[in-house]
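To start, the structure under review is shown below, and the notes come after it.
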Amino acid sequence: MVCWDHPKNKKGCAFMKKKTMRMLSAALAVTLLSGCGAAQTSTPAETSVNQAMLLEKSAQPQESAYTFPEKFTGDWTGQEGKLTIHADAQVVAELGTALPTATVEPREFNQEDVDNLLKVFLKGEPLYSHVQTKQELQGHLDYINSPDWTSDPGKPSDPASLEARRKELNAWYTAEIAKAPEEKPILHGFSDSDDPKRIGGTATVDGIKWEVSIRNDIDGGWTEACIERTDYKYRDYSIQLPDVSKEESIARGNALMQALELQNFVLTDAQQWSVELPGDNGIWRLYYAPTVNGFPIAGARQDITQTHDGTVYQDCQYWYYSASEETNPDTVSWKLESIYLDVGRDGILSFNWTAPSTQPVVRQAESTLLPFEEIAAIADTMLPEVIVGPKETPLTQLDQYNGFDTRMDVDITKVSLSLMRIRDKGSLQGTIVPVWDFWGTSDWYDAEPNAYGYQEKGMRYEFQPMLTLNAVDGTVVDRQLGY
């Protein structure tokens, strides 16, 4: 199985049959992507009106011991008979029903985070900036003035144009050389970086070169720390890497998290890269999620199964709130905090920590949950309202635009209780609340052969939360958007 959480990691997508789709009204334009240092202390921030109402409701006394049935069942149709929804689902609360409500906010990486990362990964070796020295720049200039130099691809290559471009580059490099350092600067933090919001450089540890990138950009929704072996980042994908066991990978990953003093994170998943893609085989990707009172706050996992030329391919991806509404998009971006590691026979190969957050402030240790009978009644109404077609595009409108008929079958097989970080649209005030996820398989297929081919039932289907309800007040929340 291949799991990916960033565009560069998508595998198997070449086998996905394309259909022309117009993303209408509230359709989603999904961009899929996946703390270091001591935990950050935090005090309650001023709450929004909606957040305050939710916190108040979660604190109301539970009238009796919370119970739920073993099964959730039902049948629905919609979209002029093109859409069918069937539920025969096991209802589970693997974390129990005594779940907290907490508040949390995004934060930037601080010097303590940087110190801890560099201490653990670089083991005292210096981190050299990407800034080029006078000697490096002079090497570029010498090449430009050599007979081997050619103009930029696609640019005019006649003698006059070449000479003009050469003079332009000479002027630029001469100016850069004048202000460039004699030696590579050594970085210790944001304060001595040429960009106060970003640290970028390389280091050699025990003969292995590492690339380090730490970026603070809450406003741009891109706060991330990535430390990766250079030979792994730029490896030859045609060469299969040696296998490592799942147990050994997890042991190494947990040891790293302990060294980084990240006890508030827990391992939520471990996936080996697909045997159908031997260039990625031998690597385990470990997913870690932050916790509140020991309970994980993890992204939802979407499993994708597709068949091409008789071969079945299985992929998965994690929803970390990297999606955006195409119509009336959000004004802010706040991904879900997560850490993932790539581990191979040679040890840790890469480390990625996205969207650090403040330490959650617990507002209610045991949230008051809406009776499951009310949750089930809301789901009975909302399932055919929320599930209208692929990517939330109404199936009838999609078929009219494409010019041929399709069908979509949804099979709800599990209803589970867990924690989710939600927020109001446009807000960076997060609330961690219990939610009920209605997990199911969706299969979108052609009713009959058409001009684009014929995608039969069962050729491609997805398993994911089809509906998510706030367990405290019963409101619908979107697992891809986070609100």
Worksheet item: So, does Asp113 use its side chain to make a donor-acceptor pair with the main chain of Phe109 at under 3.5 Å?
Response: no

Worksheet item: Does any donor atom in the side chain of Asn254 or Tyr288 lie under 3.5 Å from an acceptor atom in the other side chain?
Response: yes

Worksheet, complete the sentence: Between Pro181 and Gln132 the two heavy atoms that sit nearest each other are CD-O, 3.7 Å

Worksheet entry | Audit row: Gln302, Trp319, side chain to side chain contact (heavy atoms under 4.5 Å, CB included) steps and yes/no | CA-CA 8 Å; Gln302 178 192 47; Trp319 292 344; 3.8 Å; yes

Response to the item:
Here the pair of heavy atoms bringing Gly344 nearest to Ile283 is CA-CD1, 4.1 Å

Worksheet item: Just by distance, do the side chain of Ser58 and the backbone of Leu55 share a donor-acceptor pair under 3.5 Å?
Response: yes

Worksheet item: Will you find, in the side chains of Asp424 and Gln429, an N or O donor that is under 3.5 Å from an N or O acceptor?
Response: no

Discussion item. Can you confirm whether Asp473 sits close enough to Met53 that some side-chain heavy atom of one is under 4.5 Å from a side-chain heavy atom of the other?
Written reply: no

Worksheet item: Can you tell if the side chain of Asn145 reaches within under 4.5 Å of the side chain of Arg166, non-hydrogen atoms only?
Response: yes

Worksheet entry | side chain to side chain contact (heavy atoms under 4.5 Å, CB included) between Ser338 and Tyr318, intermediate numbers included | CA-CA 10 Å; Ser338 64; Tyr318 279 83; over 6 Å; no

Worksheet item: Can any side-chain N or O of Arg107 pair as donor or acceptor with the backbone N or O of Ser357 at less than 3.5 Å?
Response: yes

Fill in: Donor + acceptor pair across side chains of Asp315, Gln317 (<3.5 Å)
no

Fill in: Atom CD of Gln135: over 12 foreign heavy atoms under 6.0 Å
no

Discussion item. Tell me the closest heavy-atom pair linking Leu117 and Ala225, and the distance in Å.
Written reply: CD1-CB, 4.1 Å

Worksheet, complete the sentence: Of all heavy-atom pairs linking Val343 and Ser249, the shortest is CG1-CA, 3.8 Å

Discussion item. Quick check for you: to the nearest 0.5 Å, what is the distance between Cys226 atom SG and Trp210 atom CH2?
Written reply: 10.0 Å

Response to the item:
In this structure, OH of Tyr461 is separated from CE of Met408 (nearest 0.5 Å) by 14.5 Å

Item to complete: Measure the CD1-CG distance between Ile227 and Leu118 for me, rounded to the nearest 0.5 Å.
Response: 6.5 Å

Practice prompt. Could you go through the side-chain hydrogen bond (donor to acceptor under 3.5 Å, both in side chains) check for Glu224 and Asn352 one step at a time?
Written response: CA-CA 7 Å; Glu224 181 181 55; Asn352 188 285; 2.9 Å; yes

Discussion item. Quick check for you: to the nearest 0.5 Å, what is the distance between Met257 atom CE and Leu286 atom CG?
Written reply: 9.5 Å

Worksheet item: Do we see a donor-acceptor contact under 3.5 Å between the side chains of Asn116 and Glu112?
Response: no

Worksheet item: Is it true that a side-chain atom of Thr223 and a backbone atom of Asp217 form a donor plus acceptor pair closer than 3.5 Å?
Response: yes

Worksheet item: What is the distance from atom CD of Glu337 to atom OH of Tyr321, rounded to the nearest 0.5 Å?
Response: 12.0 Å

Worksheet item: Does any N or O in the side chain of Asp342 come within less than 3.5 Å of the main-chain N or O of Arg285, such that one atom is a donor and the other an acceptor?
Response: no

Fill in: Within-4.5 Å side-chain heavy-atom neighbours: Lys246 and Gln272
no

Practice prompt. Before giving the answer on side chain to side chain contact (heavy atoms under 4.5 Å, CB included), spell out for Gln271 and Arg301 the whole-Å C-alpha distance, their side-chain angles and the decisive distance to 0.1 Å.
Written response: CA-CA 12 Å; Gln271 292 292 333; Arg301 174 174 149 174; 2.6 Å; yes

Item to complete: Give a yes-or-no answer on whether the side chains of Asp443 and Thr441 include a donor-acceptor pair shorter than 3.5 Å.
Response: no

Discussion item. Please tell me whether Phe463 and Trp439 form a close aromatic pair, meaning their ring centres lie under 6.0 Å apart.
Written reply: yes

Fill in: Under 3.5 Å donor-acceptor, Glu183 side chain and Thr133 backbone
no

Worksheet item: Are any side-chain N or O atoms of Arg252 and backbone N or O atoms of Arg345, one a donor and one an acceptor, separated by less than 3.5 Å?
Response: yes

Worksheet entry | Non-hydrogen side-chain atoms of Val212 and Leu187 separated by less than 4.5 Å | no

Fill in: Donor on one side chain, acceptor on other, Thr468 and Asp437, under 3.5 Å
yes

Worksheet entry | Donor-acceptor under 3.5 Å (Thr431 side chain, Gln51 main chain) | no

Worksheet item: Taking all non-hydrogen atoms of both residues, which atom of Ile422 and which atom of Val477 are closest, and how far apart?
Response: CG2-CG1, 4.1 Å

Discussion item. Are the side chains of Leu369 and Thr97 in contact, using a 4.5 Å heavy-atom criterion?
Written reply: yes

Discussion item. I'd like to know if Lys197 pairs up with Asp219 as an ion pair, taking the criterion as any Lys NZ or Arg NE/NH1/NH2 lying under 4.0 Å from an Asp or Glu carboxylate oxygen.
Written reply: no

Item to complete: Answer with yes or no whether the side chains of Asp411 and Thr413 bring together a donor and an acceptor at under 3.5 Å.
Response: no

Worksheet item: Near Arg198 CZ, under 6.0 Å, is it more than 12 heavy atoms from other residues, nucleotides or ligands?
Response: no

Worksheet, complete the sentence: In short, Val386 meets Leu467 closest at the heavy-atom pair CG2-CD1, 3.7 Å

Worksheet item: Are the side chain of Gln111 and the backbone N or O of His188 linked by a donor-acceptor pair below 3.5 Å?
Response: yes

Discussion item. Tell me whether Ser193 contacts the main-chain N or O of Phe190 through its side chain, where contact means a donor paired with an acceptor under 3.5 Å.
Written reply: no

Worksheet entry | Atom CD of Gln364: over 12 foreign heavy atoms under 6.0 Å | yes

Worksheet item: So do the side chains of Leu419 and Pro296 get within less than 4.5 Å of each other, counting heavy atoms only?
Response: no

Practice prompt. Mind running side chain to side chain contact (heavy atoms under 4.5 Å, CB included) on Trp222 and Lys335 for me, showing each step along the way?
Written response: CA-CA 8 Å; Trp222 198 264; Lys335 296 181 179 67; 3.5 Å; yes

Fill in: Any side-chain heavy-atom pair of Arg423 and Val332 under 4.5 Å
yes

Worksheet item: What distance do Arg165 atom CZ and Lys155 atom NZ have between them, rounded to the nearest 0.5 Å?
Response: 7.5 Å

Worksheet item: Taking the side chain as C-beta and beyond, is there a heavy-atom pair between Asp346 and Arg229 under 4.5 Å?
Response: yes

